[in-house]
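Scroll down for the structure; my scribbles are underneath it.
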Amino acid sequence: MQSRFKHAALFSVKLLLSIAVLVYIARGLDLRQLRDHLVSVDPVLFVVALALIFVQTFVLNGRWELIMRALGVSLDWLAGWRILMTSLWFNQVLPSSVGGDAVRIWLLRQRGVQWPEAVKGVAADRFTALIGLVVLMVAGLPFLLSRVSNHAAILAIGGLTMAGVAGTLVLLTLDRLPKRFIALPAIASFVRFGTLVRFLLLQSERRALLFGSALLIHLVTAAACYTLARGVGAQLSVLDAGILIPPVVLLTAVPISISGWGVREGAMVACLGLAGVSSEEALSVSLLLGAISVIIGLVGGVIWLASPERGSYSADKVAKAAEDAPGYGLGNEASSHP
């Protein structure tokens, strides 16, 4: 009962945050102009953006499959894609405290994968995506400095990038710290996880393919946002999209709102504004991207309805399983896949 109340309270706080941010953004906008952008979006370009995000799920699944293989788990491609799409359904559509990552772990367990491998595979998939984002943000910093004159924005994005670099380096080198420190129970699991990710990216046979897919996924998101921006008439260049969308994705991935709603819109308005895109156009791009995510989630819902595991599903059971899973504190916190 206490656990259920905790999940309900957390969901309520995140929902209120999403609504509050959206309301705050909308207060300073021309809502009629915003509506016109949404209604008049080029349908062809919207479908192109939808197709890009749908194809992205195949790349996401390929990255995850590479990680699972490195862990010694043979995950059939179609089965992995079905699990991934189901997790997107839980992330994007269902008003549940159980995130898609917890569902992914549970579905892996239903296929006989052991807890350590299931948790490591999902957590490593998340962290590999984060590393890809950080690399793109570092690569984009020189272009940001040459194209943006807002010093506060440069400091904010630069600080976010450096924090990402520092956090990544710390996690990947935890095992270099004194043994007495890394033997502590609270640290030991992160040490093992950092060692695993370092192996995946530096020593595994398919490290180039794995790292390349981590970058490609975020570039596809940037391409989809560029397409939507052109669809609403915004003058956003390909280079600006490549520089400014990764910080939006990184902020959206922070699990403080419902599927990133609100946070994504605020970040999109702030970042695209640096390229001269109006707030109404930037918010339109974000809302349309959110709508595409919901559509993809609905496809995952159809797949879930036909899933053989659906009959044994229980939200409480999945939440408890995620909490009890040994490893890296994945828990129930999850937003949309980066």
Side-chain angles (χ1 to χ4, degrees), residues 60 62-73 75 101-102 104-105 108 113-142 144 155-218 246-247 249-256 322-335 337-338:
L60 281 165
R63 182 184 70 193
W64 188 34
E65 185 181 7
L66 288 173
I67 291 172
M68 296 306 295
R69 284 185 180 179
L71 292 172
V73 176
L75 183 63
D101 285 346
R104 271 206 285 176
I105 293 172
L108 284 175
V113 179
Q114 297 301 309
W115 275 124
E117 285 72 25
V119 176
K120 288 178 186 176
V122 174
D125 182 48
R126 281 285 184 179
F127 194 70
T128 303
L130 174 62
I131 291 176
L133 269 179
V134 171
V135 169
L136 287 177
M137 290 172 66
V138 170
L141 276 181
L144 181 73
L155 285 175
I157 296 177
L160 184 64
T161 303
M162 292 303 101
V165 171
T168 300
L169 292 177
V170 167
L171 183 61
L172 295 181
T173 58
L174 275 176
D175 60 326
R176 302 290 195 266
L177 296 176
K179 291 185 178 180
R180 285 185 298 178
F181 177 75
I182 63 178
L184 296 173
I187 303 296
S189 61
F190 290 99
V191 174
R192 292 194 298 271
F193 176 54
T195 304
L196 166 65
V197 175
R198 191 174 66 213
F199 166 77
L200 291 172
L201 294 177
L202 300 180
Q203 296 174 298
S204 63
E205 293 181 359
R206 301 191 178 185
R207 56 187 178 276
L209 189 58
L210 178 62
F211 186 68
S213 65
L215 296 177
L216 178 60
I217 285 165
H218 301 307
V249 176
L250 181 59
L251 290 171
T252 303
V254 179
I256 59 175
E323 289 176 349
D324 293 343
Y328 311 99
L330 212 65
N332 300 332
E333 298 297 334
S335 60
H337 280 272

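A quick note: this is a predicted structure, and the numbers were derived from the prediction, not measured. What's counted below: heavy atoms across the whole structure, side chains too, no hydrogens, waters or symmetry copies.
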*Please round to the nearest 0.5 Å and tell me the distance separating atom CZ of Arg63 and atom CD1 of Ile217.*
3.5 Å
_Residue pair Leu200 / Phe211, side-chain heavy-atom distance below 4.5 Å_ = no
*Knowing that exactly one of Val73, Leu75, Val119 qualifies, which makes a side chain to side chain contact (heavy atoms under 4.5 Å, CB included) with Val113?*
Val73
*Going by heavy atoms in the side chains, are Pro246 and Met137 under 4.5 Å from each other?*
yes
*asked:* I'd like to check the side-chain contact (heavy atoms from CB on, under 4.5 Å) partners of Val197; sequence neighbours left out, ordered by chain and number.
replied: Ala124, Phe127, Ile131, Leu172, Phe193, Leu201
_Point-to-point distance, once rounded to the nearest 0.5 Å, from CD1 of Ile187 to CZ of Phe190_ = 7.5 Å
*Who pairs with Thr173 by side-chain contact (heavy atoms from CB on, under 4.5 Å), at least two apart in sequence or on another chain?*
Arg176
*Kindly state each residue pair satisfying salt bridge (Lys or Arg N to Asp or Glu O under 4.0 Å) with at least one member in residues 193-204, sequence neighbours excluded.*
Asp175-Arg198
*Between Leu250 and Leu130, is any pair of side-chain heavy atoms under 4.5 Å apart?*
yes
*Look up atom CZ in Arg104 and atom CG in Asp125, then write down how far apart they are to the nearest 0.5 Å.*
4.5 Å
*Nearest-0.5 Å distance that lies between atom CG in Leu141 and atom CG in Leu136*: 11.0 Å
*Could you tell me which residues satisfy side-chain contact (heavy atoms from CB on, under 4.5 Å) with Leu66, sequence neighbours excluded, listed by chain and number?*
Arg206, Leu209, Leu210
*Applying salt bridge (charged side-chain N to carboxylate O under 4.0 Å, His left out), name anything that partners Arg207, two or more places apart in sequence or on another chain.*
none
*When rounded to the nearest 0.5 angstrom, what is the spacing between CD in Glu117 and CG in Leu71?*
6.5 Å
Show me the donor-acceptor pairs within less than 3.5 Å that the side chains of residues 157-169 make with the rest of the protein, sequence neighbours left out.
{"from": "Thr161", "atom 1": "OG1", "to": "Ile157", "atom 2": "O", "distance (Å)": "2.8"}
{"from": "Thr168", "atom 1": "OG1", "to": "Gly164", "atom 2": "O", "distance (Å)": "2.8"}

*Below 4.5 Å, heavy atoms only, C-beta onward: do Ile105 and Trp115 meet side chain to side chain?*
yes
